[in-house]
There are 2 protein chains.
Amino acid sequence: MSLRSQLLKGVLEGCILSIINRQPTYGYELSVRLQEFGLSDVSEGSIYPILLRLQKEKLIEGTMQKSELGPKRKYYHLTEAGKEALIEFIEQWETIKLPVENIIKKEE
Amino acid sequence: MSLRSQLLKGVLEGCILSIINRQPTYGYELSVRLQEFGLSDVSEGSIYPILLRLQKEKLIEGTMQKSELGPKRKYYHLTEAGKEALIEFIEQWETIKLPVENIIKKEE
DNA sequence: GTAAGCTACTTTGCATAACAAGGTAGCTGT
DNA sequence: ACAGCTACCTTGTTATGCAAAGTAGCTTAC
């Protein structure tokens, strides 16, 4: 219902790729990281489906690993295709950002 | 299919509000303006539904006016609610933009 | 030992938005 | 009268984020 949620469309996927690219990680931690970055309203119902989709598209790969505390974690890392997709996402973000900034910028 | 289109989600509506806010305009000209700003892949199939939606939500109002050349144009202008929605959009854009930039920024 | 609470993953169903594709019609110039 | 531009509208498809609910392992406290 809120514009806020709509603004995330397409962006979340790229952000998740970027965070995984920095360091392999798992779903639950991703939700914490995103919140630290300021994307506070991202729920697990958003994150896990994206991870499954990215995996299906062969952009990431996941392996179960034991955790010292709590249940097993599924650590994901980027594939080569994933790294390319990330680069493409960043380019697309830039080509969207500039026009939007120009449009919403108040002229003096 | 492209990430590109997905990135526009939610953004287009705000951009259209902003352009109309600067100066009342009509659908066909909007497509030209958006292209000038660099959003080149926005088709009329995207613009007109958004205009109708914004009108239904009482964020804009439209009136038919004769054109000196060609068919009549439907000029839109923002309502008070539309101006508030635009301000809200800009705030939301900022609160999305900063986290995204931080996430995709390469650390040195 | 058992209940509470955190960690961690998954699935289903829904609402929304952009878009391709196609259609309608007015006006101008040749 | 035809082409080409202007201008608007509609239908159906697809992608995405999310709420909601479920499952289960582990730890701590009582």
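Taking all atoms of both residues into account, the shortest heavy-atom contact from B:Asn102 to B:Lys105 is OD1-NZ, 3.3 Å.
Residue A:Tyr28 places its side chain closer to C:dT7 than to any other of C:dT7, C:dA17, D:dC9. For B:Leu52, the side-chain atoms get nearest to D:dC9 when compared with the rest of C:dA8, D:dA7, D:dC9. Across C:dT10, D:dT10, C:dA18, the shortest atom-to-atom separation from the side chain of B:Pro49 is found for D:dT10. Listed nucleotides: C:dT10, D:dC9, C:dA8. Nearest to the side chain of B:Tyr76: D:dC9.
Remark: C1' of D:dT10 and NZ of B:Lys56 are 13 Å apart, rounded to the nearest angstrom. Per the geometry, CD belonging to B:Gln92 stands 12 Å off P belonging to C:dA17, to the nearest Å. Computed from coordinates, the B:Glu13 CD to C:dT16 P distance equals 11 Å when rounded to whole Å. For the pair A:Leu34 CG and D:dG17 C1', the computed distance is 13 Å after rounding to whole Å. Straight-line distance from the OH atom of B:Tyr26 to the C1' atom of C:dG26: 14 Å, rounded to whole Å. Rounded to a whole Å, the CG atom of B:Leu12 is 18 Å from the P atom of C:dT16. Protein atom NZ of A:Lys74 is 17 Å distant from nucleotide atom P of D:dG25, rounded to whole Å. In this structure, OH of A:Tyr48 is placed 16 Å from C1' of D:dA19, rounded to the nearest angstrom.
Taking only distance into account, the side chain of A:Glu44 never meets the base of D:dC18 through a donor-acceptor pair shorter than 3.5 Å.
Nucleic acid contact class of B:Gly45 (heavy atoms, under 4.0 Å, all strands): base.
Residues B:Ser43 and A:Tyr75 each lie close to DNA chain C; by heavy-atom proximity, the contact nearer the 5' end of the strand is made by A:Tyr75. Heavy-atom nearest nucleotides on DNA chain D were determined for A:Arg53 and for A:Pro71, and the one closer to the 5' end corresponds to A:Arg53.
Remark: side-chain polar atoms of B:Arg33 are not paired, donor with acceptor, to backbone N or O of B:Ile16 under 3.5 angstrom. With hydrogens and angles disregarded, no donor-acceptor distance shorter than 3.5 Å links the side chain of B:Ser31 to the backbone of B:Glu44.
Ring orientation note: the planes of A:Tyr75 and A:Tyr26 are nearly perpendicular, at an angle over 60° on the 30°/60° scale.
Between B:Ser46 and C:dA18, a side-chain N or O to OP1/OP2 separation shorter than 4.0 Å is absent.
Between B:Arg73 and B:Glu29 no salt bridge is recorded (no basic side-chain N to carboxylate O distance below 4.0 Å).
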